[in-house]
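Provided herewith is a single structure, encoded as structure tokens, for subsequent inquiry.
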Amino acid sequence: MKLWSQYFIPTLKESPADAEIASHKLLMRAGLVRKLGGGLYTYMPMGLRVMQKLTQICREEMERAGAIELWMPHMHPADTWREGPRWPVTREIMFRADSAGDGKRAAREPEYVLGPTHEEVITPLVKAEITSYRDLPKNFFQIATKFRNEIRPRFGLMRAREFVMMDSYSFDATDEGARKSYLAMKTAYEAFFRRIGARAIAVEADTGVMGGSFSHEFMVPAEIGDDDVIYNDESGYAANREKATSALVPKDLADAAPVGAVEEFATPGIVTIAALEAAPYSVAADKQFKTLVYIGDGKPFLIVLRGSDELEEAKLGSLGFGLVRPATPEEIEPVMGAKPGSLGTVKGTIKNPGALAGIFADQAIRLIGNGTTGANKDGFHLRNVNVARDLAVTKFGDFRRVRPGEPCPLSGKPLQVRRGIEVGHIFKLGTKYSEKYNAVYTDDQKQTHFMEMGCYGIGIGRTLQAIIEQSHDADGIVWPWNSAPFHVLICVLDPQLPEAMDLAKQLATVAEQAGAEVLVDDRAERPGVKFKDADLIGIPLRLTIGGKGLKEGIVELKARTSKDVAKLPLAEAAAQLGAAIAAAQAKA
RNA sequence: CGGGGUGUAGCUUAGCCUGGUAGAGCGCCUGGUUUGGGACCAGGAGGUCGCAGGUUCGAAUCCUGUCGCCCCGACCA
């Protein structure tokens with residue numbers, strides 16, 4: 001039991017000016033966190049209590065799934081990363097942790113970095129410690145602080161520079177085992193989110209920098225989310241926009257019949273899809289070929305899309321390049337022979353095709369018959385262009401961004417879109433890291449194999465905020481039972497009356513014996529202030545003890561989720577309170 | 001990193017355009033009256049107006065630079 005007057009819950013009537021979204025405002029107003037700097041937050045006592053609830057439930061579910069907790073350093077020798085497989089990418093988001101020094105000791109290259117994640121630490125560790133199939137599988141997890149120099153921290157805990165994450169890493173002997181480990185994590189994550197009262201859905205996701213074969217994100221649907229989830233309720237299809245695909249191109253699509261030979265025509269000053277759509281050219285965007293130049297690991301390659309489609313850059317990951325970026329106009333002209341706006345991939349028109357690492361086309365361009373594309377000659381385009389006959393294509397793939405309304409790949413029904421907050425992510429990695437670090441084991445035939453890996457993460461702080469985003473009303477937070485900082489708030493309206501405080505302490509003991517955590521508001525505040533604060537901090541059950549009620553012989557019990565107040569005769573108060581707690585526990 | 005915005009007391013902010021003693025509300029402290037949904041009265045404390053430079057007799061206000069914070073965007077030709 002905690003007495004409010006002796007605890008520390010600095011609530012605010014007004015939201016700080018830098019909080020924009022509901023959950024961020026409530027985090028501040030309910031006294032859960034305070035900001036130190038951009039993306040850096042102090043967990044105040046109430047915020048810490050919620051954090052501890054989440055980490056404990058997370059720990060229990062991970063252990064239930066057979067994972068083993070450990071703790072790794074968060075300051076890493078820079079070589080750990082420099083020698084790792086993704087230094088060029090990860091160094092951009094890592095903080096260096098060198099001696100601040102006097103200028104003499106400050107090295108040009110970092111000596112130490114703060115860990116954004118731990119594949120580069122755990123894989124060498126496991127390589128050194130595990131060499132036999134007898135010791136596999138293993139799944140190690142930790143719940144600890146991560147550091148990432150986010151391009152733009154925002155929305156409070158939603159995207160922070162320093163944040164708490166549960167991360168785990170599985171090591172299996174076989175691909176089949178790795179699939180099992182992956183599924184065990186998916187199940188554990190679902191159990192975790194269910195227990196803490198967050199409605200999260202698993203969606204197919206892009207593997208991104210992590211690499212690997214497949215992955216799911218756990219998304220909490222919310223308008224303020226960073227990600228678009230593409231889904232169809234009927235089929236159960238759900239994917240991150242970066243990964244989402246649609247059944248836009250029929251499998252048995254026949255190539256359109258060419259109506260004539262490729263023909264060049266002058267388009268002075270026309271360098272955009274939209275300009276070519278306008279009169280006098282009047283070429284519909286979905287009859288145009290859009291040709292983009294990218295640089296993959298230093299070498300240019302081309303991406304061809306319909307003019308009406310947009311590139312989903314994340315899908316370029318499937319091409320296997322490490323670092324990918326758009327080419328600059330200076331890089332484009334020597335290769336293509338024209339400036340951006342007049343580019344194309346019709347055979348024979350590219351100035352220096354030998355320089356290209358490949359020409360990759362989105363399958364949707366096969367829907368174009370007799371289309372128009374750039375001539376690789378400034379101010380000229382080509383018409384009557386047909387994919388099979390005229391275009392040089394190394395490989396077809398899925399590179400376009402899906403739009404709502406397109407047919408679901410599973411059911412053919414229209415896809416829908418909604419925003420979501422990514423609170424967890426699981427990856428099946430395969431052997432990308434084990435090969436890099438030579439993490440091998442010996443099987444019962446004395447053969448050595450690379451370990452099959454998976455990695456998994458839950459953003460604890462982000463999850464905390466996502467719960468608030470998902471569970472609040474105009475008056476404040478509505479904590480789910482298992483995430484709540486306290487379960488029962490005993491509101492003593494007249495704390496100067498000894499009998500009121502005595503009863504409060506008595507009922508607090510009852511509640512604690514029923515397994516609830518109790519906060520007693522014993523402050524010398526007016527009732528209105530107490531009720532407003534009670535709603536703001538969102539404790540699931542509120543028991544009100546007032547001098548007026550005591551004279552009538554009653555106390556009041558109210559659930560945060562309900563408007564109804566139950567008047568309990570004093571003789572029944574203990575039993576009713578116990579019953580309400582038991583009911584809430586059973587439901588949670 | 002690019003664009004936009006903003007910085008005045010613990011919090012919310014007015015004043016800035018048009019230079020001339022820095023104001024309010026909330027919160028805090030003291031006293032009193034109140035007491036079931038953010039009370040009232042009286043008194044009080046609290047500000048290098050983000051920082052640095054400049055213009056000026058005089059700068060919160062105008063100019064330059066810089067830093068912090070917030071929002072939008074991410075080379076899609």
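Throughout, protein chains are lettered first and strands after them, A, B, ... in sequence-line order, and every chain is numbered starting at 1.
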Let's test this: given Watson-Crick or G-U wobble pairing with both distances under 3.5 Å, identify the partner of B:G68.
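When the pairing criteria are applied, B:U6 turns out to be the nucleotide that pairs with B:G68.
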Regarding A:Arg542, tell me which of base, sugar-phosphate or nothing describes its non-hydrogen contacts under 4.0 Å with the strands shown.
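If one applies the 4.0 Å heavy-atom cut-off, A:Arg542 turns out to touch a base.
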What is the distance from CD of A:Glu525 to P of B:A39, rounded to the nearest Å?
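In whole Å, B:A39 P lies 9 Å from A:Glu525 CD.
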Figure out the CD/P separation between A:Glu330 and B:A77, and round it to whole Å.
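The distance from CD of A:Glu330 to P of B:A77 comes to 17 Å, rounded to the nearest Å.
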For nucleotides B:U13 and B:G50, find the distance between their P atoms and express it as a whole number of Å.
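It works out to 15 Å between them.
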5'-most contact on RNA chain B: A:Lys548 or A:Arg159, nearest heavy atom basis?
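Checking each residue's closest nucleotide, the 5'-ward one belongs to A:Lys548.
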Categorize A:Ile332 for me: base, sugar-phosphate, or nothing, with a 4.0 angstrom heavy-atom threshold over every strand shown.
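A:Ile332: base contact, heavy atoms under 4.0 Å.
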Nucleotide paired to B:G73 in any strand shown, Watson-Crick or G-U, under 3.5 Å
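Its partner is B:C1 (Watson-Crick or G-U wobble, both distances under 3.5 Å).
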At under 4.0 Å between heavy atoms, what does A:Gly547 touch on the DNA or RNA strands: base, sugar-phosphate, or nothing?
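The answer is nothing, as A:Gly547 stays clear of every strand by at least 4.0 Å.
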So does A:Asp286 get a backbone contact from the side chain of A:Arg306, meaning a donor-acceptor N/O pair under 3.5 Å?
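Checking the backbone N and O of A:Asp286 against the side chain of A:Arg306, no donor-acceptor pair under 3.5 Å is found.
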Integer angstrom distance from the C1' of B:C57 to that of B:G31
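One C1' to the other, the span is 47 Å.
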Between P of B:C75 and CG of A:Leu343, the distance in whole Å:
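After rounding, the reported distance stands at 17 Å.
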Any Lys/Arg nitrogen of A:Asp362 or A:Lys315 sitting under 4.0 Å from an Asp/Glu carboxylate oxygen of the other?
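The answer is no: the pair does not qualify as a salt bridge.
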Is there a Watson-Crick or G-U wobble partner for B:U56 with both distances under 3.5 Å, and if so, which one is it?
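The base-pairing partner of B:U56, which may sit in any strand shown, does not exist here.
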B:A22 and B:A14: how far apart are their C1' atoms, nearest whole angstrom?
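Approximately 10 Å lies between the C1' atom of B:A22 and that of B:A14.
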Does the pair A:Glu217/A:Lys243 count as a salt bridge with the N-to-O cut at 4.0 Å?
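Judged by the 4.0 Å cut-off on N to carboxylate O distance, A:Glu217 and A:Lys243 do not form a salt bridge.
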Atom pair distance, as rounded to whole Å: CD in A:Glu310 and C1' in B:A74:
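Interatomic distance, CD of A:Glu310 to C1' of B:A74: 13 Å.
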Which residue, A:Gly341 or A:Lys532, contacts RNA chain B at a nucleotide closer to its 5' end, judged by nearest heavy atom?
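Between the two, 5'-proximity favours A:Lys532.
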Considering only atom P, compute the distance from B:A9 to B:A24 and round it to an integer number of Å.
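It works out to 14 Å between them.
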Between protein and nucleotides 67-70 of chain B, what N or O pairs are separated by less than 3.5 Å?
from, atom 1, to, atom 2, distance (Å)
B:C69, OP1, A:Gly38, N, 3.0
B:C69, O3', A:Lys35, NZ, 3.0

Would you indicate which nucleotide in B:A77, B:G37, B:A39 comes nearest to any side-chain atom of A:Val529?
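The answer is B:A39, which lies nearest to the side chain.
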Find the distance A:Asp473:CG to B:G37:C1' and express it as a whole number of Å.
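The answer, rounded to whole Å, is 14 Å.
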Any base atoms under 4.0 Å from A:Val271, or only sugar-phosphate, or nothing? Heavy atoms, all strands.
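Answer is sugar-phosphate: A:Val271 comes under 4.0 Å of backbone atoms only.
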Do NZ/NE/NH1/NH2 and the carboxylate oxygens of A:Glu263 and A:Arg383 come within less than 4.0 Å?
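So A:Glu263 pairs with A:Arg383 through a salt bridge.
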So for atom CD, which belongs to A:Glu223, do other residues, nucleotides or ligands contribute more than 12 heavy atoms lying within a distance under 6.0 Å?
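Result for CD/A:Glu223: open.
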Using a 4.0 Å heavy-atom cut-off, does A:Asp494 contact any base of the nucleic acid, only the sugar-phosphate backbone, or nothing at all?
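Nothing, no nucleic acid heavy atom in range.
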Can you tell me, in whole Å, how much space there is between the P of B:C26 and that of B:G43?
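Each nucleotide's P atom is 14 Å from the other's.
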Counting only side-chain N and O atoms of A:Lys13, is one of them less than 4.0 Å from OP1 or OP2 of B:G27?
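Answer yes for this pair, as a side-chain N or O of A:Lys13 is under 4.0 Å from OP1 or OP2.
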With both distances under 3.5 Å as the test, what is the Watson-Crick or G-U wobble partner of B:C49?
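Checking every strand shown, B:C49 finds no partner, since no pair has both distances under 3.5 Å.
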Separation of atom CZ in A:Phe360 from atom C1' in B:C76, rounded to whole Å
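So the two atoms are 18 Å apart, to the nearest Å.
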Using a heavy-atom cut-off of under 4.0 Å over every strand shown, decide if A:Ser15 touches base, sugar-phosphate, or nothing.
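It contacts sugar-phosphate atoms only.
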If you go through the side-chain atoms of A:Glu14, does one of them form a donor-acceptor pair with the base of B:G38 closer than 3.5 Å?
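It does not, because no donor-acceptor pair links the side chain of A:Glu14 to the base of B:G38 below 3.5 Å.
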By the 4.0 Å heavy-atom rule, please label A:Arg29 as base, sugar-phosphate, or nothing.
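Answer is base: heavy atoms of A:Arg29 come under 4.0 Å of a base.
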Rounded off to whole Å, could you give me the OH-to-P distance for the A:Tyr294 and B:C76 pair?
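It is 8 Å, rounded to the nearest whole Å.
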Opposite nucleotide pairing with B:C40, Watson-Crick or G-U, both atom distances under 3.5 Å:
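Matched B:C40 with B:G32 under the 3.5 Å cut-off.
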Below 4.0 angstrom from OP1 or OP2 of B:A77, is there any side-chain N or O of A:Lys290?
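Result: yes.
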Using atom C1' in both nucleotides, what's the gap between B:C63 and B:G2 to the nearest angstrom?
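Between the two C1' atoms, the distance is 25 Å.
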Aromatic plane relationship, A:Tyr281 with A:Phe265 - under 30° parallel, 30 to 60° tilted, over 60° perpendicular:
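Geometry flag for A:Tyr281 against A:Phe265: tilted rings.
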Check ion pair A:Lys548-A:Asp494 (N to O, under 4.0 angstrom)
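A:Asp494 and A:Lys548: not salt-bridged.
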Going by atom types alone, do A:Gln465 and A:Ser23 pair a side-chain donor with an acceptor below 3.5 Å?
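A:Gln465 vs A:Ser23: donor-acceptor pair found between side chains.
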Provide the distance between the two P atoms, one in B:C51 and one in B:G68, to the nearest whole Å.
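15 Å, rounded to whole Å.
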Between A:Asp228 and A:Arg419, does any side-chain N to carboxylate O distance fall below 4.0 Å?
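Salt bridge flag = yes for A:Arg419 with A:Asp228.
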Watson-Crick or G-U wobble mate for B:U21, both contacts under 3.5 Å
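Partner of B:U21: none found under 3.5 Å.
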For the P atoms, the ones on B:G3 and on B:A74, what distance do you get once it is rounded to whole angstrom?
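That atom pair is separated by 15 Å.
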Could you give the CZ-to-P distance, from A:Arg526 to B:U33, as a whole number of Å?
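Atom CZ in A:Arg526 sits about 14 Å away from atom P in B:U33.
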Donor-acceptor pair between A:Thr349 and A:Asn376 side chains, under 3.5 angstrom:
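There is such a pair between these side chains.
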